[in-house]
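See below for the structure under consideration.
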Amino acid sequence: LGRTERPDTIRIILGGDQLHADNSKNQTPKSGHALDVDTRISLVARKIITACREVVQMASEVARHVEIYVIKGNHDPESSVWLQEVLRAYYCDCSNVTVCERHTPRKCAVWGKCMSVFAHGDQVRPDKWAQIIAAEFAKHWGQTSYRYARLGHFHHRKTIAPVALDEVSGLEVTYLSSLAAPDAWHSEGGWVGTNRGMQAFELHKDAGQISQFIHNTGE
């Protein structure tokens with residue numbers, strides 16, 4: 001936030017797995033993998049709500065308007081639902097803060113000629129994103145010149161820019177890094193050594209993405 005030049009709007013993307021465990025069973029919902037959990041689900045819920053409020057407050061001190069997008073992950077498909085509704089209820093009377101109300105796996109936002117799609121990124125192959133987004137958000141696709149897919153899940157950063165794929169082009173697919181430390185499952189599987197951090201992208205209404213801010217925690 002300190003490196004931005006007071007943008008008109010800041011989008012806060014909660015890209016999935018904000019809650020490591022979806023409930024007190026401490027397992028992934030689909031695969032049943034055991035999860036490292038340090039405390040009670042009630043305290044976790046309180047912590048994530050507090051953290052979201054603090055982030056929104058910081059962003060609102062920099063930008064005129066703040067938008068919040070809550071994306072469900074493979075660890076928290078149910079928790080993301082109540083988190084979105086809690087934030088929607090909390091900010092319902094705030095004219096400068098809006099919460100995207102769609103309960104869908106992919107959410108889209110347009111800024112001038114820029115189209116951004118947010119998803120967790122765990123169930124779609126990288127080479128399929130252009131085809132899916134062009135079909136699902138056809139109106140926005142046709143109205144924009146710069147198109148971006150911002151994804152997570154893999155806990156490391158990489159960018160894939162398909163030039164032509166089944167006659168569909170013009171989408172930049174970016175997998176973002178994570179602030180989360182490796183848990184036992186990731187450590188045992190050898191998914192270690194990636195930089196923990198986060199990214200921000202600055203979009204110009206007519207020129208597309210003009211800068212990128214990267215913060216590494218150094219841990």
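Computed over heavy atoms, backbone and side chain alike; hydrogens, waters and symmetry mates excluded. Starting from 1, each residue takes its place in the sequence as its number.
- In this structure, the side chains of Q84 and V99 come closer than 4.5 Å at one or more pairs of heavy atoms.
- The two atoms that bring K72 and P77 nearest to each other are CB-CA, 4.0 Å, heavy atoms only.
- A heavy-atom distance below 4.5 Å is found between the side chains of E136 and R106.
- Counting only distance, with no hydrogens or angles, the side chain of Q18 and the backbone of G16 share a donor-acceptor pair below 3.5 Å.
- V55 is not connected to I13 by any chain of hydrophobic side-chain contacts under 4.5 Å among Ile, Leu, Val, Met, Phe, Trp and Tyr, and they are in different clusters.
- No more than 12 heavy atoms of other residues, nucleotides or ligands lie within 6.0 Å of CG in D93, so this atom counts as exposed by the packing criterion.
- Side-chain contact check for M198 versus L176: every heavy-atom pair is 4.5 Å or farther apart.
- With a 4.5 Å cut-off on side-chain heavy atoms, V97 and Y90 do not count as touching.
- Counting all heavy atoms, side chain and backbone alike, Y69 lies closest to A109 at OH-CB, 3.3 Å.
- By the 6.0 Å and 45° rule, R150 stacks over the aromatic ring of F201.
- L151 and Y146 sit in two unconnected hydrophobic clusters of ILVMFWY residues. Membership requires side-chain heavy atoms under 4.5 Å apart, directly or through other members.
- Counting only heavy atoms from C-beta outward, the side chains of I71 and S80 never approach each other to under 4.5 Å.
- Listed for the N26 side chain is no donor-acceptor partner under 3.5 Å among the backbone atoms of V37.
- Note on V56: it clusters hydrophobically with V62, by side-chain heavy-atom contacts below 4.5 Å among ILVMFWY residues.
- With H120 contributing its side chain and D122 its backbone, the two residues share no donor-acceptor pair below 3.5 Å.
- Listed here is the closest heavy atom pair of A45 and W82: CB-CH2, 3.6 Å.
- No more than 12 heavy atoms of other residues, nucleotides or ligands lie within 6.0 Å of CD in E5, so this atom counts as exposed by the packing criterion.
- Using a 4.0 Å cut-off between charged nitrogen and carboxylate oxygen, E172 and R147 do not count as a salt-bridge pair.
- Taking OG from S116 and NE2 from H140, the interatomic distance works out to 11.5 Å, rounded to the nearest 0.5 Å.
- Checking side-chain atoms of K107 against main-chain N and O of V70 turns up a donor-acceptor pair under 3.5 Å.
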Given the rule in the side-chain contact (heavy atoms from CB on, under 4.5 Å) test, do R64 and N96 qualify, once you have shown the distances and angles that lead to the verdict?
-> CA-CA 7 Å; R64 183 181 64 85; N96 65 319; over 6 Å; no
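- Counting heavy atoms from C-beta outward, V66 and T9 have side chains that stay 4.5 Å or more apart.
- Taking each heavy atom of Y148 and Q209 in turn, the nearest pair found is OH-N, 2.9 Å.
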Can you list the steps and then say if S177 with R196 is a side-chain contact (heavy atoms from CB on, under 4.5 Å)?
-> CA-CA 6 Å; S177 55; R196 294 168 58 188; over 6 Å; no
Given the rule in the side-chain contact (heavy atoms from CB on, under 4.5 Å) test, do R53 and Q57 qualify, once you have shown the distances and angles that lead to the verdict?
-> CA-CA 6 Å; R53 288 178 54 192; Q57 178 61 37; over 6 Å; no
Test side-chain contact (heavy atoms from CB on, under 4.5 Å) applied to I68 and C100, step by step = CA-CA 6 Å; I68 306 171; C100 179; over 6 Å; no
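- The nearest pair of heavy atoms linking L1 to A59 is CD1-N, 4.0 Å.
- Here the side chain of S79 pairs no donor or acceptor atom with the backbone of D76 at under 3.5 angstrom.
- The closest donor-acceptor contact from the side chain of D17 to the backbone of H75 lies under 3.5 Å.
- Contact annotation: the side chain of C114 never approaches that of T144 to less than 4.5 Å [non-hydrogen atoms, C-beta and beyond].
- A continuous path of ILVMFWY side-chain contacts below 4.5 Å connects L14 to Y91, so both sit in one hydrophobic cluster.
- Considering all non-hydrogen atoms of both residues, I133 and A149 come closest at CD1-CB, 4.0 Å.
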